[in-house]
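Structure record follows, encoded as structure tokens.
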Amino acid sequence: MRRFPLLLLAVSLLPPASANDAGTVDHCIVVAHRGASGYLPEHTLPAYRLAIQLGADYIEPDLVMTRDGVLVARHESGLAGSTNVAAVPALADLRRRRRAEEREVADWFADDLTLSQLRLLRARETRPALRPGNTAFDGLFGIPTFAEVIALAREEGVRLGRPIGLYPEIKEAGRLRGRGLDPEAALLAALRDAGLDRPDAPVYIQSFEAESLRRMRPHTRLTLVQLIETVPADVAAIARYAQVIGAPKALILGNPQFIARVREAGLALHGWTFRAENAWLGEPFRRGKEPTATGDLLGEIAAARAAGMSGLFTDQPDLGREACRTPQTSAVSYINR
């Protein structure tokens with residue numbers, strides 16, 4: 001795994017990429033999965049900034065809501081795994097048991113905290129066993145709001161002279177609505193306030209919840225992305241409200257019939273999640289037996305592109321950028337060697 005100088009990462013002083021260093025080859029776009037999460041704790045402003053400097057076309061903020069209705073960047077509402085919340089005495093009484101992802105867990109949840117309470121927290125690495133180097137940054141970064149992520153993308157875009165796209169996902173939208181919150185309206189309002197509600201804005205809105213996307217469809221002209229985990233029964237039905245399917249890489253690499261159905265429906269295909277460590281690579285692309293060792297991520301991306309993928313989520317956006325610079329014909333040749 002390539003690493004970056006500790007001090008440079010901590011203060012985000014990596015030299016900026018030139019305007020020509022990013023872009024697409026054969027419609028290959030790089031989405032920084034939770035920021036440059038292979039190198040820094042996920043969903044932090046430094047992780048997003050580093051991702052941009054490493055050539056990402058889009059940064060991906062997963063969004064949860066605070067009790068007072070503010071969208072903040074976390075992968076899930078439970079906070080113990082990604083922050084130091086357990087060490088904050090002022091929040092000790094807010095730990096509770098709740099059913100999450102089909103099991104009951106005891107945790108501190110974002111929608112039980114106000115924004116001012118959330119500001120007490122510091123981010124930490126969520127995969128310390130596989131990315132021990134990232135733990136050096138535990139406690140250094142706060143939890144950003146969606147508004148702060150939007151501002152960062154705009155600031156970096158102006159500095160680099162290229163658009164920096166946003167690829168947000170609301171987490172647990174249905175449950176939040178059940179608590180009297182309106183995450184879809186909050187998301188669209190934030191984008192509208194930033195002037196990002198026009199059809200040509202560099203924004204994709206993604207969700208696993210079809211109902212959430214359908215609720216937004218009449219109120220936005222932005223591109224909507226239906227995330228899936230298994231092959232849907234009716235791919236064509238997705239095209240009635242979305243323009244893109246976001247699929248796990250295993251479906252893209254191992255199911256040509258699914259790819260054909262996506263094409264027939266006129267949908268674009270984006271793949272998740274491409275990570276450099278052996279632990280997450282498909283067996284043909286692993287190198288050695290050590291789970292933390294770097295495998296052949298470029299080869300795996302090339303195979304998915306050859307299958308029909310036009311955008312990729314990756315924890316290592318520098319490697320995603322490198323893979324996207326390879327013309328599609330070369331990618332096909334690579335996997336046929």
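Just so it is clear, the model here is predicted, and its values are computed rather than measured.
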Is there a donor-acceptor contact under 3.5 Å from the side chain of Asp318 to the main chain of Leu54?
no
Can you see which heavy atom on Arg95 is nearest to which on Ala106, and at what distance?
NH2-CB, 3.4 Å
Verify side chain to side chain donor-acceptor pair (under 3.5 Å) between Thr126 and Glu42, making sure each step is shown before the conclusion.
CA-CA 8 Å; Thr126 60; Glu42 66 186 39; 3.2 Å; yes
Does any non-hydrogen side-chain atom of Glu277 lie less than 4.5 Å from one of Leu130?
no
Do Val85 and Phe137 share a hydrophobic cluster (ILVMFWY, side-chain heavy atoms under 4.5 Å, transitive)?
no
For residues 183-196, which residue pairs pass the salt bridge (Lys or Arg N to Asp or Glu O under 4.0 Å) check, not counting sequence neighbours?
Arg177-Glu184, Glu184-Arg215
Tell me whether Glu76 is salt-bridged to Lys171, with the criterion being a basic N under 4.0 Å from an acidic carboxylate O.
no
Verify side chain to side chain contact (heavy atoms under 4.5 Å, CB included) between Thr314 and Leu297, making sure each step is shown before the conclusion.
CA-CA 10 Å; Thr314 178; Leu297 179 60; 4.2 Å; yes
Is it true that the NZ or CZ of Arg214 lies under 6.0 Å from the centre of Tyr241's six-membered ring and within 45 degrees of the ring axis?
yes
Calculate, to the nearest 0.5 Å, the distance between atoms OH and CG belonging to Tyr39 and Leu50 respectively.
8.0 Å
Should Leu269 and Phe258 be marked as a side chain to side chain contact (heavy atoms under 4.5 Å, CB included) after you check the CA-CA gap, both sets of side-chain angles, and the distance that decides it?
CA-CA 11 Å; Leu269 181 62; Phe258 164 65; 4.2 Å; yes
With distance as the sole criterion, is a donor-acceptor pair present between the side chains of Glu209 and Ser207 under 3.5 Å?
no
For the side chain of Thr83 and the backbone of Ala80, is there at least one donor-acceptor N/O pair under 3.5 Å apart?
no
I'd like to check Asp111 versus Val64 (side-chain heavy atoms, cut-off strictly below 4.5 Å). Are they in contact?
no
When rounded to the nearest 0.5 angstrom, what distance separates CZ in Arg67 from OG in Ser116?
8.5 Å
Can you get from Val88 to Val72 by hopping between Ile, Leu, Val, Met, Phe, Trp and Tyr side chains that sit under 4.5 Å apart?
yes
For the pair Arg34 and Glu60, find out whether any cationic side-chain nitrogen is under 4.0 Å from an anionic carboxylate oxygen.
no
For atom CG of Asp234, decide whether the heavy atoms of other residues, nucleotides or ligands shown that lie under 6.0 angstrom number more than 12.
yes
Are Glu169 and Arg74 within salt-bridge range, i.e. N to O under 4.0 Å?
no
Can you tell me if Arg286 uses its side chain to pair, donor with acceptor, with the backbone of Leu281 under 3.5 Å?
yes
Would you say that Leu319 contacts Phe274 through its side chain, given a criterion of any heavy-atom pair below 4.5 Å between the two side chains?
no
Between Asp315 and Arg131, does any NZ, NE, NH1 or NH2 come within less than 4.0 Å of an OD or OE carboxylate oxygen?
yes
Quick one: do His33 and Arg275 satisfy side chain to side chain contact (heavy atoms under 4.5 Å, CB included)? Show the steps, please.
CA-CA 9 Å; His33 182 243; Arg275 297 173 168 123; 3.3 Å; yes
So does Leu121 get a backbone contact from the side chain of Asn84, meaning a donor-acceptor N/O pair under 3.5 Å?
no
Sorted by chain and residue number, the side-chain contact (heavy atoms from CB on, under 4.5 Å) partners of Arg96 (sequence neighbours excluded) come out as Arg98, Phe109, Asp112, Arg179
Ignoring hydrogens, what is the shortest heavy-atom contact between Ala51 and Ala32? Give both atom names and the distance.
CB-CB, 3.3 Å
Do the side chains of Glu104 and Arg97 get close enough for a salt bridge, i.e. N-O under 4.0 angstrom?
yes
Is the shortest distance from a Lys or Arg side-chain nitrogen in Glu264 or Arg261 to a carboxylate oxygen in the other one below 4.0 Å?
no
Would you call Arg321-Asp57 a salt bridge at under 4.0 Å N-O?
yes
Any sub-3.5 Å donor-acceptor pair from Gln206's side-chain atoms to Val225's backbone N or O?
no
Taking atom CG of Leu251 and atom CH2 of Trp272, what is their separation to the nearest 0.5 Å?
8.0 Å
dist Glu125:CD -> Asn134:CG (nearest 0.5 Å) comes out at 4.0 Å
His270 ring center near Tyr204 ring center (under 6.0 Å):
yes
Does some side-chain heavy atom of Leu166 sit less than 4.5 Å from a side-chain heavy atom of Tyr58?
no
For residues Ile143 and Ala73, report the shortest heavy-atom separation together with the two atoms involved.
CG2-O, 3.8 Å
Minimum-distance pair of heavy atoms, taken over all atoms of Cys324 and Leu312:
SG-CD2, 3.8 Å
Treat each ILVMFWY residue as a node, draw an edge where side-chain heavy atoms are under 4.5 Å apart, and state whether Leu113 and Leu63 are in one component.
no
Would you call Gln226 and Ile228 a side-chain contact if the rule is heavy atoms closer than 4.5 Å?
yes
Tell me if a side-chain donor or acceptor on Asn278 pairs with a main-chain N or O of Arg287 at a distance below 3.5 Å.
yes
Transitively linked via ILVMFWY side-chain contacts under 4.5 Å: Leu118 with Phe141?
no
Pair Ile205-Thr223, side chain to side chain contact (heavy atoms under 4.5 Å, CB included): steps then yes or no
CA-CA 6 Å; Ile205 300 175; Thr223 301; over 6 Å; no
Can a donor-acceptor pair be found, under 3.5 Å and without considering hydrogens, that links the side chain of Glu211 to the backbone of Gly174?
no
Minimum-distance pair of heavy atoms, taken over all atoms of Leu196 and Pro202
CD2-CD, 4.4 Å
Rounded to the nearest 0.5 Å, what separates atom CZ in Arg240 from atom CZ in Arg217?
14.5 Å
Measure from the side-chain N and O atoms of Trp108 to the backbone N and O of Ala86, and report whether any donor-acceptor pair falls under 3.5 Å.
no
What closest approach, in Å, do Ala87 and Pro89 show between heavy atoms, and which atom pair accounts for it?
O-CD, 3.2 Å
Is the backbone N or O of Gly266 less than 3.5 Å from a side-chain atom of Arg263, with the two atoms forming a donor-acceptor pair by type?
no
Does Val203 belong to the same Ile/Leu/Val/Met/Phe/Trp/Tyr cluster as Ile170, with side-chain heavy atoms less than 4.5 Å apart forming each link?
yes
Evaluate the side-chain proximity of Ile301 to Phe285: yes if any heavy-atom separation is below 4.5 Å, no if none is.
no
Validation row: Val149, Thr145 side chains within 4.5 angstrom (heavy atoms):
no
Nearest 0.5 Å please: distance from the CG atom of Asp62 over to the NE2 atom of His75.
5.0 Å
Verify, without hydrogens or angle tests, whether Glu156 (side chain) and Ala153 (backbone) share a donor-acceptor contact under 3.5 angstrom.
no
Do Met65 and Pro183 have side-chain heavy atoms sitting under 4.5 Å apart?
yes
